[in-house]
Amino acid sequence: MREGLRLAKEGKPDLALQTLRHASESDATDDVAATALGMVALEAQRYDVARPALERAVVLNPKSQTALYSLAMLYEKLKRYPDARYAWQRFLNLSPSADLADIARRHLDRLP
């Protein structure tokens, strides 16, 4: 997984996604690997990869603020506004830091 994140930082999203996908598939119960895959895919605008990875990460760890935050952002990009609203609300229920809570509230306020 570290290798995949390093590749993403180096601006090699395709190699990063391949490496992270392998890490995520190697242990289907690893929510951190699924979150990493989803986040890198989201950044690379590979929403077809990001959505199932982040949804799986949230199922595996419903209290993962990182996975919920990323999933909410993804749903917004996909214009799945009811899903985005639900993900932001779940994120807020986890009592994130004040700064992150403010970001989530601003997103909620702007959703149609």
Side-chain angles (χ1 to χ4, degrees):
M1 187 174 69
R2 287 184 184 154
E3 177 69 9
L5 294 173
R6 183 187 64 75
L7 289 165
K9 279 182 114 174
E10 291 177 0
K12 300 174 183 174
D14 292 333
L15 286 174
L17 288 173
Q18 181 180 2
T19 304
L20 291 168
R21 183 178 281 141
H22 177 71
S24 181
E25 290 172 354
S26 293
D27 183 356
T29 64
D30 187 350
D31 66 287
V32 175
T35 300
L37 173 60
M39 289 175 63
V40 170
L42 176 60
E43 188 172 313
Q45 298 181 358
R46 290 289 313 274
Y47 305 140
D48 59 317
V49 176
R51 188 182 56 77
L54 291 171
E55 287 174 347
R56 185 167 55 100
V58 169
V59 167
L60 291 170
N61 183 358
K63 294 183 179 183
S64 171
Q65 290 182 11
T66 304
L68 279 166
Y69 183 97
S70 299
L71 186 60
M73 295 293 285
L74 172 66
Y75 284 150
E76 282 188 35
K77 289 184 182 299
L78 295 175
K79 297 182 177 25
R80 292 177 57 173
Y81 301 123
D83 292 328
R85 183 172 301 284
Y86 181 70
W88 282 123
Q89 286 294 333
R90 285 181 63 190
F91 175 78
L92 279 173
N93 288 340
L94 295 174
S95 301
S97 70
D99 290 340
L100 289 176
D102 287 342
I103 290 170
R105 285 187 193 96
R106 282 194 302 260
H107 279 269
L108 281 165
D109 288 345
R110 287 184 286 182
L111 286 174

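Counting begins at 1 with the first residue of the sequence.
At a threshold of 4.5 Å between non-hydrogen side-chain atoms, the residues Leu92 and Leu108 count as touching. Residues Lys79 and Pro112 are not in side-chain contact: their nearest non-hydrogen atoms beyond the backbone lie 4.5 Å or more apart. A heavy-atom distance below 4.5 Å is found between the side chains of Arg90 and Val58. Inter-residue side-chain proximity for Lys9 and Arg6 is flagged as unmet; no heavy-atom pair is nearer than 4.5 Å. With a 4.5 Å cut-off on side-chain heavy atoms, His107 and Met73 count as touching. Looking at Phe91 and Leu100, their side chains come closer than 4.5 Å, going by heavy atoms from C-beta outward.
The CG atom of Asp83 sits 9.0 Å away from the CG atom of Leu78 when rounded to the nearest 0.5 Å. Trp88 contributes atom CH2, which lies 8.5 Å from atom CG of Leu111 (distance to the nearest 0.5 angstrom). To the nearest 0.5 Å, atom OH of residue Tyr69 and atom CG of residue Leu54 are 13.0 Å apart. With values rounded to the nearest 0.5 angstrom, Leu71 atom CG is found 12.0 Å from Thr66 atom OG1.
Counting heavy-atom neighbours within 6.0 Å of Glu43 CD, excluding the residue itself, gives a total of 12 or less. Open room surrounds CZ on Arg2; 12 or fewer heavy atoms of other groups in view lie less than 6.0 Å from it. For Tyr47, the OH atom is densely surrounded, since the number of other residues' heavy atoms within 6.0 Å is greater than 12.
Residues Pro13 and Ala44 approach most closely at CB-CB, 4.0 Å, considering heavy atoms. Here the closest non-hydrogen pair linking Leu42 and Ser70 is CD2-O, 3.7 Å. The minimum heavy-atom distance between Met1 and Ala33, with the atom names listed, is SD-CA, 3.4 Å. In this structure, Ser64 and Thr35 approach most closely via the heavy-atom pair OG-OG1, 4.3 Å. For the pair Ala72 and Ala84, the tightest heavy-atom approach, listed with the atom from each and the gap, is O-CB, 3.9 Å. Among all heavy-atom pairs drawn from Ala50 and Gly38, the shortest one is CB-O, 3.5 Å.
Linking ILVMFWY side-chain heavy atoms closer than 4.5 Å, directly or via other members, places Leu17 and Leu74 in two distinct hydrophobic clusters. Linking Ile, Leu, Val, Met, Phe, Trp and Tyr whenever their side-chain heavy atoms come within less than 4.5 Å puts Leu37 and Leu5 in one cluster. By the rule that hydrophobic residues join a cluster once side-chain heavy atoms approach within less than 4.5 Å of another member, Tyr75 and Leu68 end up as members of one cluster. Leu94 and Ile103 fall within a single hydrophobic cluster, where Ile, Leu, Val, Met, Phe, Trp and Tyr are joined by side-chain heavy atoms under 4.5 Å apart, directly or via other members.
Shown here are the salt bridge (Lys or Arg N to Asp or Glu O under 4.0 Å) partners of Arg21, two or more places apart in sequence or in another chain: there are none.
At a threshold of 4.0 Å, the pair Arg46-Asp48 counts as salt-bridged, since one of the basic side-chain nitrogens sits closer than that to a carboxylate oxygen.
Sorted by first and then second residue, the pairs that involve residues 53-74 and meet salt bridge (Lys or Arg N to Asp or Glu O under 4.0 Å), not counting sequence neighbours, are Arg51-Glu55. Here salt bridge (Lys or Arg N to Asp or Glu O under 4.0 Å) pairs that include residues 91-104, with residues two or more places apart or in two chains, are Asp102-Arg105.
The backbone N or O of Leu20 sits nowhere less than 3.5 Å from a side-chain atom of Ser24 that would complete a donor-acceptor pair.
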